[in-house]
Amino acid sequence: MCFQMEYDIKSVEKKWQQRWEETGVFHASNKSEKPKFFCLVEFPYPSGNGLHVGHPRSYTALDVVARKKRLEGYNVLYPMGWDAFGLPTENFAIKNKIHPGIVTKNNIARFKAQLQSLGFSFDWSREINTTDPNYYKWTQWIFLKLFENGLAYKKEMAVNWCTSCKCVLANEEVVNGLCERCNSDVVRKVKSQWMLKITEYAERLINDLDELNFIDRVKAQQKNWIGRSTGAEVDFKSTLGDTLTVYTTRPDTLFGATYMVLSPEHPAIEKWAEHIENMDEVKAYQEAAARKSDFERTEVNKDKTGVQLAGVRAINPVNDKKIPIFISDYVLVSYGTGAIMAVPGHDTRDWEFAKKFSLPIVEVVAGGDVEQEPFTDCETGVMVNSGILTGLSVEDAKKKITAWLEEQGRGKPSVQYKLRDWVFSRQRYWGEPIPIVLCPECGYVPLPESELPLKLPTIDSFEPTDNGESPLAKLTEWVNTTCPHCGKPAKRETDTMPQWAGSSWYFLRYTDPHNDTALASKEALDYWTPVDWYNGGMEHTTLHLLYSRFWHKFLYDIGVVPSKEPYAKRTSHGMILGENGEKMSKSRGNVVNPDDIVNAFGADTMRLYEMFIGDFEKSAPWNTSSIKGCKRFTERFWTLNDIVVKGDAYRENLESAFHRTIKKVTEDIDNLKANTAIAALMSLLNDIYETGAINRAELRTFTILLNPFAPHITEELWERQGFGGVVTSQPWPVYSEEKCKESTVEIVVQINGKIRARLTVDAEIKAEDAITRAKADEAIAQAIEGKAIVKEFYVPGKLVNIVIKP
RNA sequence: GCGGAUAUGGCGGAAUUGGCAGACGCGCCAGAUUUAGGAUCUGGUGGGCGACCCCCGUGCAGGUUCAACUCCUGUUAUCCGCACCA
């Protein structure tokens, strides 16, 4: 009754939020007798739009976990920070002529206020910010270590160039040939770029997934992205006497190779220039291919094009046949050796190409009709027309021919990955400066560690340039420096790091955020890492999540971190969609602002609804009218104040329900099933109201169980009831398996699997007694009268099934 | 094409090992209270009938089983990731 008069949501929630901060209850200690638990959510990019209701889904879910783990006696680290370098801020700064540093500061203030209004138990004393020089000092330090270990290198290469951001993109940032961020065209541009050798870790990034508790779709997606394939490299001699190596996953089909295809960028073409009779035509094709954007190149994937290199042929090592060599853009320079042997009988692309250019198709695996369509099945086919391989299965043929090639010195087994090295330079202002100096004498020279952080200079105009240079290049004074090695005049690197740099190691900094002599102390890292539970969006699976695993493995290799992998467990939340079931976005006009929800319903209700909305891993449409259910639940909880009676043990009629609810809530939180945990609490509350009262023991338990979801109202009730202390420092309730059982249960009685009666029986009833009771039931007795009973089943506590002949 | 998922009332969603389909909530209906509206409370709510009996019902078609949302085979639709990766 009179809920509003007694419980003023705004002031109560504010009161507890302030008290938590003042008393530092959520500050984690780096030394503790308790077991540690490091609980992590992806730190946000503080955009100008503020949070929308999607952000708190992840934060609330792990806040519930963190709060429950504390009640269970763990020393919990649940930190938050800001991933603040990046383009949107820079673009906003350009447009509004405000320095990005100021924009960032304002955005962070807004985000922080929003997060605090939701009552998350973050340890704000460990707040980090990737744009803080004390932070990016260590981002730069890691880069220097990568450089020192040969994993950062500069290379002239064709890169993805976003025409609107005027900036290079990593492969991971290009979606359907368009810029992931602004959807503008991405074209190829040859530029000198800093690269990180993530490919060196490809094998370990795949293999070590096996030991991790990551949800399967994350593992699958990473494996897919790294794209390991096994096959063989085969050396073909050319008629000019040199060797061309191809990569194939089907060495078994070598006898069916009737031509060869090089990518248009293959270096052999230059080498053979004077021998190629149709060099003009070849050049024209190369130029046309180079002009195509990635998007065009994949879009036209139906129609195969190409040009034969006149005047040179390749020799098939197994049968010495001279076969034509083509160039075609269906062969990629960056995969394998940039050259393939074409087996039109058994590869779809080669078949299309052969049909178009009227090239011979030879069947070497029996099982299909290669004139009609390529036969690509590896399971059932038998080798034909294949010399020493004839009669073997595909699997055996692969082994035999690979061994033969090795013996002959004409090939070897080979493993290839789709993963490419990570393009690490960005021609923009708002990022970490790359701490490298280019000296005409000494080449690329790293800054000494003592000169870190290399601060981002203050600058008036941070607009991107059209010539592909970073805005920093205009700062002559800053650019011109001396070589740390020889002391002569030299120039600084003017590109900055990509947005993904700061987030590739941020979780480590939380363990010791104010350390100024190391990225974190060894003790802190030993104590806290790896992260016990990391939740984040699927969209980061092949970006941040992969990059940070790579950096972590590197840091492990050089002895900085104690664990091979950064995250022991990874889960992922589904998106919150707009009310219309579409993705929430400004342009669709369906964005819900959490501030409005907190204002109208309070943080506790907001949190409950975020968790109750549905299966955590699936996307779910927001529905403001459904929030009422959660609102009513908090009100009904508060109204328990009016019906409290004395009692220091669960009443008999509710004891079992309490034990079952404790079990359910405990297990569901661990399994990210907050929706059913809340449903169980609602159910128990309904049961309590049916009895017309709640005693103090019951109210204590209920309040603690609800606390992780609705921390403010539970603390307030606890205080008003004078239970002593705060809920946050209570022990989590315990249940006993024994007491979860009810003494009597309702079972159903089936005849041939159809329900015909219901009985209430003793929970411990024996099978034969249950069946006897069932048969004694009037309806059942009638149904089985005069029928032959074939079989009888009793499933304890569930049902009796009597099978009769009809 | 490859990889991953999903399909259950009007809606969001439950169903731990094959064992009562639809928990919990929204919405809706009826009643109470209220000057009215709103709010709150009580009861009802998968379909075939208003009630009984009974029948039907978890994308579709088969199968296994005493028993199938759950297992198997096939199939359709939707979503996500990758994609000329040899």
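In what follows, chains are A, B, ... by sequence order, proteins preceding strands, each numbered from 1.
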Contact check, side chains of A/Q286 and A/I327, non-hydrogen atoms, under 4.5 Å
yes
Are A/R660 and A/E742 close enough, and set up right, to give a salt bridge (charged side-chain N to carboxylate O under 4.0 Å, His left out), and what steps lead you there?
CA-CA 10 Å; A/R660 280 200 310 269; A/E742 296 223 67; 3.7 Å; yes
Donor-acceptor pair, side chain of A/H346 and main chain of A/F375, under 3.5 angstrom:
yes
Which listed nucleotide (B/rA86, B/rA15, B/rC82) is nearest to the side chain of A/Y247?
B/rA86
If I pick the P atom on B/rU70 and the same atom on B/rG19, what distance separates them, to the nearest angstrom?
11 Å
Is a donor-acceptor contact shorter than 3.5 angstrom present between the side chain of A/R217 and the base of B/rC80?
no
Which part of the nucleic acid, if any, lies within contact of A/L799, taking any heavy atom under 4.0 Å across all strands shown: a base, the sugar-phosphate backbone alone, or nothing?
base
Determine whether a donor-acceptor pair (N or O, by modelled atom type, separation under 3.5 Å) exists between the side chain of A/K739 and the backbone of A/F658.
no
Assign a letter to each nucleotide of nucleotides 24-31 of chain B from its 5' end: B, base within under 4.0 Å of a protein heavy atom; S, sugar-phosphate only; -, no contact.
BSSS----
So does A/N623 get a backbone contact from the side chain of A/Y609, meaning a donor-acceptor N/O pair under 3.5 Å?
yes
A/Y330 has its side chain closest, among B/rC20, B/rC84, B/rU16, to B/rC84
Could you tell me whether A/S334 contacts a base, only the sugar-phosphate backbone, or nothing, with contacts defined as non-hydrogen atoms closer than 4.0 Å?
nothing
Could you give me the CA-CA distance, side-chain angles and deciding distance for A/F326 and A/F353, then say whether ring-ring contact (aromatic ring centres under 6.0 Å, His included) is met?
CA-CA 10 Å; A/F326 288 80; A/F353 192 89; 5.2 Å; yes
Going by an N to O cut-off under 4.0 Å, is there a salt bridge joining A/D777 and A/R756?
no
When only distance counts, do a donor and an acceptor, one from the side chain of A/K304 and one from the base of B/rC84, lie under 3.5 Å apart?
yes
Backbone of A/Q222 reached by a side-chain donor or acceptor of A/T542 within 3.5 Å:
no
When syn is taken as a glycosidic angle within 90 degrees of 0, is B/rG9 syn or anti?
syn
Answer with base, sugar-phosphate or nothing: what part of the nucleic acid does A/R228 contact at a heavy-atom distance below 4.0 Å?
nothing
Once you apply a heavy-atom cut-off of 4.0 Å, does A/N675 come out as touching a base, just sugar-phosphate, or nothing?
sugar-phosphate
Can you work out whether A/Y609 or A/E746 has the more 5'-proximal nearest nucleotide on RNA chain B?
A/Y609
Close residues, residues 248-259 of chain A, relative to RNA chain B [heavy-atom separation under 4.0 Å]:
A/T248, A/T249, A/R250
Would you indicate what A/E792 reaches in the nucleic acid, counting non-hydrogen atoms under 4.0 angstrom: base, sugar-phosphate, or nothing?
nothing
Give me the stems containing RNA chain B, sorted by first residue, counting only three or more consecutive Watson-Crick or G-U pairs with both distances under 3.5 Å; say none if there aren't any.
B:1-7 with B:76-82, B:10-12 with B:24-26, B:27-32 with B:40-45, B:46-48 with B:54-56, B:59-63 with B:71-75
With a 4.0 Å cut-off on heavy atoms, is A/K664 in touch with a base, just the backbone sugar-phosphate, or nothing at all?
nothing
Please report the C-alpha distance between A/R228 and A/E203 in whole Å, then the side-chain angles of each, then the deciding distance to 0.1 Å, and finally whether the salt bridge (charged side-chain N to carboxylate O under 4.0 Å, His left out) criterion is met.
CA-CA 8 Å; A/R228 177 169 61 196; A/E203 185 72 12; 2.9 Å; yes
Over all strands shown, is A/K798 touching base, sugar-phosphate only, or nothing at heavy-atom distances under 4.0 angstrom?
sugar-phosphate
Nearest to the side chain of A/T676, which nucleotide is it out of B/rC20, B/rC82, B/rA14?
B/rA14
Pairwise side chain to side chain donor-acceptor pair (under 3.5 Å) hits with a residue in residues 788-797 of chain A, at least two apart
A/K775-A/E792
Do you know which two heavy atoms are closest between A/D604 and A/Y7, and how far apart they sit?
OD2-OH, 3.9 Å
Give every pair of a protein N or O atom and an N or O atom of nucleotides 62-68 of chain B that lie under 3.5 Å apart, one pair per line with the distance.
from   : atom 1 : to     : atom 2 : distance (Å)
B/rC66 : O2'    : A/N801 : ND2    : 3.3
B/rC66 : O2     : A/N801 : ND2    : 2.5

Which nucleotide sits closest to the side chain of A/K618: B/rC20, B/rC82, B/rU6?
B/rU6
Side-chain H-bond candidate by donor/acceptor type, A/D235 with A/T243, under 3.5 Å:
no
Which comes earlier along RNA chain B counting from the 5' end, the contact point of A/K754 or that of A/K673, where each point is its nearest nucleotide?
A/K673
Does any N or O in the side chain of A/T258 come within less than 3.5 Å of the main-chain N or O of A/P360, such that one atom is a donor and the other an acceptor?
yes
Please state the P separation for the pair B/rC71 and B/rC2 - nearest whole angstrom.
23 Å
For A/A288, enumerate each residue passing the side chain to side chain contact (heavy atoms under 4.5 Å, CB included) test, keeping only those at least two apart in sequence or located in another chain.
none
I want to check one thing: is the phosphate of B/rA86, taken as OP1 and OP2, less than 4.0 Å away from some side-chain N or O of A/Y335?
yes
Counting only side-chain N and O atoms of A/T348, is one of them less than 4.0 Å from OP1 or OP2 of B/rC84?
no
Using a 4.0 Å heavy-atom cut-off, does A/D615 contact any base of the nucleic acid, only the sugar-phosphate backbone, or nothing at all?
sugar-phosphate
